[in-house]
There are 2 protein chains.
Amino acid sequence: MGANIKDVAKFAGVSPSTVSRVIHDNSRISQATKERVRNAMVELGYVPNAAASSLAGRTPRTLGLVLPNNPGELFKNPFFINAMRGISVYAQARGYFLLYSFSRDEEDEIQFIRNYINSGWVSGVILLAARKDDRCVDYLKLSDFPFVLIGHAADPLTTCWVDNDNFQAMYQVVTYLLEKGHRKIGFLGGPETFRVTQDRYNGYIQALKGRGFPLEEELVFMGDDFTEDSGMKGGKEILGSIMPDAIATTDDQLAFGLLKYMEENGIEGIAVTGFNNTVRGIYQRPGLTSVDVNADLLGERAAELLINLLETDESERQNLSPNHYFVETKLIPRETA
Amino acid sequence: MGANIKDVAKFAGVSPSTVSRVIHDNSRISQATKERVRNAMVELGYVPNAAASSLAGRTPRTLGLVLPNNPGELFKNPFFINAMRGISVYAQARGYFLLYSFSRDEEDEIQFIRNYINSGWVSGVILLAARKDDRCVDYLKLSDFPFVLIGHAADPLTTCWVDNDNFQAMYQVVTYLLEKGHRKIGFLGGPETFRVTQDRYNGYIQALKGRGFPLEEELVFMGDDFTEDSGMKGGKEILGSIMPDAIATTDDQLAFGLLKYMEENGIEGIAVTGFNNTVRGIYQRPGLTSVDVNADLLGERAAELLINLLETDESERQNLSPNHYFVETKLIPRETA
DNA sequence: CTGTTAGCGCTTTCAC
DNA sequence: GTGAAAGCGCTAACAG
């Protein structure tokens, strides 16, 4: 490997500690010395040894990502790769490395986090797929280790997180449908227990109320999961009694199932919207109107939040502002609505 | 942070050096001691400090991935996320961390590699998107830094690499088409200068020859890139004179362009195949017959090759076998063929 | 403003 | 088979 701090010190005619101070831009070093040392660094092609720096007490400039390992989801939904890219763009600009790992299950994830922390290789964690009652969150809090969540935090005041404004996003969808002239709008959601389902449902309700339309319980269905099957089941339920003229779903997969049910039963003329703007929705005919959750920006913001947290003194972290970001969504109109 | 080597030593009633030897499974430690130390490690939840280990002379158990930052490609083609997952599965099993970074351009990539190397944070590099005359490869060779390539190596003897057998893959496609009764089969490829184009073209030629069918130059077209536009252009060229009854393309995007051209010009009844098994191809109607390149396994193999290389003594690396893997492809028949 | 010194956690001779 | 001790490259008191 290349030159070390001693070489630089010798070359510049100063002590290693001075070089170290220059590296971290310590204010008590004279301009002249800084210049000389920086010259030496360039001259020798010096890059600080991250391991040594980290060992000696600096927090390692590396973040660890925790990803779910759901092949299907990863494949259909570009969310993760986009979020990873967003994180990468920001972190790289701030000089941070990124570690990633796909986990089979929650147990696995905790294991990784433990390794991240104890290896001393990582100074903060980004969770890309928070569940309800996420044990990873508990573990990180217990370990008092800096982290940020992409998604809704169970305890939004004491956790750093980024998320879409899901209420707003669905409000927008329903408003859009109303403006297109739809009057009887159904709602097809994921599991009720999920915060994201609740938020989007509330957005749906408020959008209707805001325009003076009644909420019709028969047009609302929450599935057991986010699969096509649940979408089909939802279609069966919602399209049973009163006929809606549009259905807003909280997930593209649900929408695909719904469309499939409609096709199989010869039901036509009902507008459908999804969430996540997945590849299939773009290319199928008719194209699926969907909400782009802006995964890239979610990633960037998450990285920003975490790095700011890390670079804030321990003592001032309490009143760090902000501890979260809302990232705007974007409705992408296509043929289904 | 958790327990350190001293804590473990004390707990097990041995010296730190003994613990270190147990960690690395040194053969001169008695079974009894090993057992006792391992117990202590579990008991205390000990995880070795990677920074310290690395500082003290061990090569850091971390690999660095270099990814292209092409949003479109990343989005349409699940190759990268799958390859990353494959790498992750294997590397984790061997106890390696993974660093990733998306780069804007070649300049960027070299910069990252430099950082990877000089920071002492990384002991090997995986290149996921090798270009022709890749400067990253040159740089890594010049630095004498271990790396492996996913894709074709310019110098396959002195480089570690994994790739599909592209000749074989296209041979299979054409044989499949012949067996389905197609007789006039066209070829629509990417840029001629790419090795992958050449290999697949040769597979095409040999498959025809093997069955005694003539190669008709008019049915062959190589585009300037791998875009839909090139696919449309290819359609125009190939479907101009002699009418083929099937066209094998080297990329789903080309196939989409070709299908679009056919649709716009009312041409029907021509079988079409693609490569990469992208999401759009799966969900469009008719579904695109395509070749799955097995990105997951490409990733796993790449990680395996690199880790084996790293764990081989410097002196024995010359005669390391193997220095490459061919990963089988899988033809996925759908409606277009 | 700058240098000296001790030490981060681990590995590795060198002893025994 | 195991322990003692030196040192990897860097940082952070503590001096001055």
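Each chain gets a letter, A, B and so on, in the order the sequences are listed, and its residues count up from 1.
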Practice task
Describe the nucleic acid contact of B:Ser30 in one word from base, sugar-phosphate, nothing, applying a heavy-atom distance below 4.0 Å.
Solution key: sugar-phosphate
Problem - Whole angstrom value for the distance that separates C1' of C:dA6 from CG of A:Leu55 - result: 14 Å
Exercise for the section: Verify the contact: side-chain N or O of B:Asn4 to OP1 or OP2 of C:dG9, cut-off strictly under 4.0 Å; return yes or no. Expected result: yes
Practice task
Look at the side-chain N and O atoms of A:Ser15 and state whether any lies under 4.0 Å from the OP1 or OP2 oxygen of C:dG3.
Solution key: yes
Exercise for the section: Report yes if a donor N or O on one partner sits less than 3.5 Å from an acceptor N or O on the other, where the partners are the side chain of A:Arg21 and the base of C:dG3; otherwise report no. Expected result: yes
Exercise for the section: Answer yes or no: is there a donor N or O on one side and an acceptor on the other, between the side chain of B:Asn164 and the main chain of B:Val327, under 3.5 Å? Expected result: yes
Handout entry: DNA chain D: 5'-most and 3'-most nucleotides touching chain B, 4.0 angstrom heavy-atom criterion
Key = D:dG1 to D:dG9
Exercise for the section: Tell me, yes or no, whether the heavy-atom count around B:Lys34 atom NZ, taken from other residues, nucleotides or ligands under 6.0 Å, exceeds 12. Expected result: yes
Exercise for the section: Using a heavy-atom cut-off of under 4.0 Å over every strand shown, decide if A:Val14 touches base, sugar-phosphate, or nothing. Expected result: sugar-phosphate
Handout entry: Along DNA chain D (nearest heavy atom to each residue), the more 5'-positioned of B:Arg36 and B:Ala56
Key = B:Arg36
Fill in the blank from the handout: Rounded to whole Å, the NZ-P distance (B:Lys10 to C:dC10) equals 13 Å
Exercise for the section: May I have the distance from B:Asn26 (atom CG) to C:dT11 (atom P), rounded to whole angstrom? Expected result: 11 Å
Fill in the blank from the handout: note: B:Ile23, atom CD1; C:dT11, atom C1'; distance rounded to Å ~ 10 Å
Practice task
Round to the nearest Å and state the distance from A:Glu35 atom CD to C:dT2 atom P.
Solution key: 13 Å
Handout entry: N/O donor-acceptor pair under 3.5 Å between B:Tyr96 side chain and B:Tyr90 backbone
Key = no
Exercise for the section: Assign B:Ser54 to base, sugar-phosphate, or nothing according to its heavy-atom contacts below 4.0 angstrom with the strands shown. Expected result: nothing
Practice task
Let me know the distance between CH2 of A:Trp121 and P of C:dC8, rounded to the nearest Å.
Solution key: 19 Å
Exercise for the section: Between B:Ala52 and B:Ser27, name the one whose nearest nucleotide on DNA chain D is closer to the 5' end. Expected result: B:Ser27
Handout entry: B:Phe326/B:Trp161 aromatic ring centres below 6.0 Å
Key = yes
Exercise for the section: May I ask you to verify if any side-chain N or O of B:Arg58 is less than 4.0 angstrom from the OP1 or OP2 atom of C:dG9? Expected result: no
Handout entry: Sugar-phosphate only, base, or nothing, as touched by B:Ser17 at under 4.0 Å among non-hydrogen atoms
Key = base
Exercise for the section: Measure distances between side-chain N and O atoms of B:Arg28 and base N and O atoms of C:dT13, and say whether any donor-acceptor pair falls under 3.5 Å. Expected result: no
